[in-house]
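The figures here come from the full heavy-atom set of this structure, side chains too, leaving out hydrogens, waters and symmetry mates. Note that the structure is a prediction, hence the values are computed from the model and not measured.
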Amino acid sequence: MIYHLKKQWLCILALLISNALFAQDKATLTVNLNKTNGKMNPVWAWFGYDEPNYTYMKDGKKLLTEIAALSSVPVYVRTHSLLVTGDGEAALKWGSTNAYTEDAQGNPIYNWAITDSIFDTYIKRGMKPLAQIGFMPQALSTHPDPYRHYWKPGDPYTDIITGWAYPPKDYDKWRNLVYEWVKHCVARYGKKEVESWYWEVWNEPNGHYWKGTPEEFLKMYDYAADGVKRALPTAKIGGNNIAGTRTEGSQKWVNDFIKHCISGTNYATGKKGAPLDALLFHAKGWPKSKDGVVQMDMSPQLQDINTGFKIAMSYPETKNLPLIIGESDPEGCAACGMATNPENAYRNGTLYSSYTAASFARKYLLADETQANFLGAVSWSFEFENQPWFYGFRDLATNGVDKPVLNVFRMFGMMKGSRIAVTGSDMYPLETILAKSVRDKADIGGLASFDKDDKTAAIMAWNYHDTDAPAPATELAITINNIPAKKATMSLYVIDKDNSNSYEVWKKMGSPQNPTTAQIAQLEAAGQLKRVSSEKVTISGNKLLVNLPLQRQAVALVKLEWK
């Protein structure tokens, strides 16, 4: 009798545990198409990278073509080293254009061949430069030698800091270099085109990238801005691309820069203030690896953004300026692979894509909360030519094969019109992620858009967790309310272990470093965004319920179209 009672209680306990686990694997999202949060501005359509010479190489051109194609608006592209001296040879964390040299008498020699090749590649694809004015040509550097570095993953990061990071020895020559460059661009591409670009001076002067004083940076900025405005008074220029905006020291850099631009004495003109048409700063997360398991940390990145937005809103002169997050990423070094930095193992698979979806949704919310004029967030992620397959670089493609993360941007490209309110049973509040990222249960969240003119709606959903550990799939129920149609076509796109995922296919091949032509074709196909279903649906009472299983670290897009 006791045995049977024990057995019965064990069955009941097992049932209770089973039900509890099943409940944990269910979540809901609710979308109301008549509740608008604002415009679905394409803040994601900005990309950047360290190595400018990859731009016009084989895989660089291919990827830029794909990036341009995924967006209905022009994509902005930022790259370092556009004024660095050298022969144009591409290498990790290095690039050169040889735009400026001097003859034996110290007279300037301008050569725009390589910068033209870079900008031509963008313009031909309908893209636009976020043109970085930097770094210092060897002939202008106060410390010209050593200049060319040969950094590789595993070397100290500061090995990249050479003569290009120093102030100019002649500020008038520096100003004239910028003037001649902008004037040349106007002559080559036309005034209207160049007016649509953004120019910005340098990169992270509060970090390794600047070997001068804060005052020397302001002086360099003033002379560069004066050169830009002399060549094209209607050009848009900004700065100062500070790193780690959430920290006290970085905030001082930003505030001092803004105050100088508002009311400081201009080093180049002697007048009050300096041109400032956009404010730029950086935002980075902080992943770690423990016992072979990667754990992301979104909080530092969002805190950087929140701080930058709030600083801009604290000045009447900057609260309406376009704000550009000049680099916005899960961490800091794109060229540091997972072999030397095991925390970067997130980059090949779906953890990168789910992080991207969840973090961009919170960037929109931070802009809503602060009322900032959020123009764009540059994903510092491109591609690396002639490198090992799936080496763990922070890139969108490897050897011409798209990684899962690029498909999130393809999803973003399908979202336009108004940004719609989303609520969810398991969607983290903004303040929680700001404080501690996603450490407890998974973040089952959503981002939605509604375009009345195109008669479309799109709902992006993700199952994200900081810790890259196996977990059961979640049964997600999405309720879409106030659909202005009786019938629609519903398409479902998915990025997970089984879909839109070249990395998993590559691993199943045995992780070949010399894949065959047939294997490459298979990988290229697997790297595209996969539509897993498309069907006609009947909408009853202007409401639709969509049920779908969502794997851990998966991202899905439900798109509705009607006539």
Can any side-chain N or O of Glu385 pair as donor or acceptor with the backbone N or O of Asp59 at less than 3.5 Å?
yes

Salt bridge check: are Glu383 and Lys62 linked by an N-O gap of less than 4.0 Å?
no

Between Ser359 and Tyr464, a side-chain donor and acceptor under 3.5 Å
no

Could you verify whether a donor N or O on one side chain and an acceptor N or O on the other, from Tyr49 and Thr55, lie under 3.5 Å apart?
yes

Any donor-acceptor pair under 3.5 Å linking the side-chain atoms of His282 with those of Asp329?
no

We want to know whether Asn53 and Glu89 form a side-chain donor-acceptor pair, criterion being a heavy-atom distance below 3.5 angstrom.
no

Indicate whether the side chain of Asp402 and that of Gln528 have a donor and an acceptor atom separated by less than 3.5 Å.
yes

If we ignore hydrogens and angles and just use 3.5 Å, is the side chain of Glu331 paired with the main-chain N or O of Cys333 as donor and acceptor?
yes

Tell me if the aromatic rings of Trp44 and Tyr364 count as close, with their centers under 6.0 Å from one another.
no

Specify whether Tyr189 and Phe119 have parallel, tilted or perpendicular ring planes, treating 30° as the upper limit for parallel and 60° as the lower limit for perpendicular.
tilted

Approximate separation, where rounding is to 0.5 Å, of Thr245 OG1 and Asn306 CG
11.0 Å

State plainly whether the residues Lys455 and Asp451 are in salt-bridge range, i.e. N to O under 4.0 Å.
no

May I ask you to say whether Lys416 pairs ionically with Asp453, meaning some side-chain N is under 4.0 Å from a carboxylate O?
no

Can you check whether Lys93's main-chain N or O pairs, donor with acceptor, with His149's side chain at less than 3.5 Å?
yes

Rounded to the nearest 0.5 Å, how far does CD1 of Ile242 lie from CG of Asn206?
3.5 Å

Measure from the side-chain N and O atoms of Ser71 to the backbone N and O of Pro74, and report whether any donor-acceptor pair falls under 3.5 Å.
no

Using only atom types and a distance under 3.5 Å, with no angle test, would you say the side chain of Ser379 pairs donor to acceptor with the backbone of Phe47?
no

Salt-bridged, Asp159 to Lys152, with N to O below 4.0 Å?
no

Using distance alone, with no hydrogens and no angle criterion, decide if Ser328 and Gln301 have a side-chain donor and acceptor under 3.5 Å apart.
yes

Distance in Å, Ile109 CD1 paired with Thr101 OG1, rounded so as to fall on 0.5 Å steps
4.0 Å

How about Thr65 and Arg125: does a side-chain donor come under 3.5 Å of a side-chain acceptor?
yes

Can a donor-acceptor pair be found, under 3.5 Å and without considering hydrogens, that links the side chain of Gln519 to the backbone of Thr516?
yes

Separation between OG1 of Thr318 and CD1 of Ile258, rounded to the nearest 0.5 Å
4.5 Å

List the atom of Asn348, the atom of Pro404, and the distance in Å for their closest heavy-atom pair.
O-CD, 3.2 Å

Where the side chain of Ser141 meets the backbone of Pro137, is there a donor-acceptor pair that is under 3.5 Å apart?
no

Would you check, one step at a time, whether the test side chain to side chain contact (heavy atoms under 4.5 Å, CB included) holds for Ile67 with Leu396?
CA-CA 10 Å; Ile67 293 172; Leu396 303 174; 3.8 Å; yes

Counting only N and O atoms by type, is there a donor-acceptor contact under 3.5 Å from the side chain of Tyr147 to the main-chain atoms of Thr85?
yes

Stepwise, does the salt bridge (charged side-chain N to carboxylate O under 4.0 Å, His left out) test hold for Glu195 with Lys236?
CA-CA 7 Å; Glu195 283 177 331; Lys236 294 175 287 192; over 6 Å; no

Mind checking whether Tyr391 and Phe393 have parallel, tilted or perpendicular rings, split at 30° and 60°?
tilted

Could you walk me through whether Arg347 and Asp395 pass salt bridge (charged side-chain N to carboxylate O under 4.0 Å, His left out), step by step?
CA-CA 8 Å; Arg347 295 165 166 184; Asp395 48 11; over 6 Å; no

Parallel, tilted or perpendicular, as decided by the 30° and 60° cut-offs, for the rings of Tyr346 and Tyr352
perpendicular

Modelled atom types, side-chain donor and acceptor of Asn341 and Asn344, under 3.5 Å:
no

According to the interplanar angle, ranging from 0 to 90°, do the rings of Tyr209 and His80 count as parallel (below 30°), tilted (30 to 60°) or perpendicular (above 60°)?
tilted

What distance separates Arg78 CZ from Glu327 CD, expressed to the nearest 0.5 Å?
5.0 Å

Compute the centroid of each ring, for Tyr221 and then for Trp202, and state whether the two points are separated by less than 6.0 Å.
no

How far apart are the C-alpha atoms of Tyr76 and Met127, what are their side-chain angles, what is the distance that settles it, and do they pass the side chain to side chain contact (heavy atoms under 4.5 Å, CB included) test?
CA-CA 6 Å; Tyr76 281 83; Met127 308 171 102; over 6 Å; no

Donor-acceptor pair between Gln553 and Ser354 side chains, under 3.5 angstrom:
yes

Is the distance between the ring centroids of Trp164 and Trp94 less than 6.0 Å?
no

Under the criterion side chain to side chain contact (heavy atoms under 4.5 Å, CB included), I'd like the reasoning laid out for Val75 against Tyr122: C-alpha separation, chi angles, the key distance, then a yes or no.
CA-CA 9 Å; Val75 171; Tyr122 301 155; over 6 Å; no

Are Asp50 and Trp380 linked by a side-chain donor-acceptor pair shorter than 3.5 Å?
yes

Gln138 vs Arg148, side chain to side chain contact (heavy atoms under 4.5 Å, CB included): CA-CA, chis, key distance, verdict:
CA-CA 9 Å; Gln138 188 171 18; Arg148 171 72 162 93; over 6 Å; no

Would you mind telling me which of Asp116, Val194, Thr115, Ile123 makes a side-chain contact (heavy atoms from CB on, under 4.5 Å) with Arg188?
Asp116

Pair Phe374 + Phe309: ring centers closer than 6.0 Å
yes

List the steps, then state whether salt bridge (charged side-chain N to carboxylate O under 4.0 Å, His left out) holds for Lys124 with Asp120.
CA-CA 6 Å; Lys124 287 177 182 177; Asp120 285 356; 5.2 Å; no

Rounded to the nearest 0.5 Å, how far apart are OH of Tyr355 and CE of Met296?
5.5 Å

Residue pairs meeting side chain to side chain donor-acceptor pair (under 3.5 Å), one or both in residues 554-563, sequence neighbours left out, come to none

Please check: side-chain N/O of Asn111 versus main-chain N/O of Ala113, any donor-acceptor pairing under 3.5 Å?
yes

Using side chain to side chain contact (heavy atoms under 4.5 Å, CB included) as the criterion, list what pairs up with Glu504, not counting sequence neighbours.
Lys497, Asn501, Lys507

Axial cation check for Phe360 ring with Arg362, 6.0 Å and 45° limits:
no

Determine, step by step, whether Asp498 and Lys530 satisfy the salt bridge (charged side-chain N to carboxylate O under 4.0 Å, His left out) criterion, reporting the C-alpha distance in whole Å, the side-chain angles of both residues, the deciding distance to 0.1 Å, and the verdict.
CA-CA 10 Å; Asp498 307 304; Lys530 184 177 178 180; over 6 Å; no

State whether the side chain of Ser449 and the backbone N or O of Ala457 hold a donor-acceptor pair below 3.5 Å, judged by distance alone.
no

Less than 3.5 Å apart, any donor N or O on the side chain of Tyr110 or Asn98 sitting next to an acceptor on the other?
no

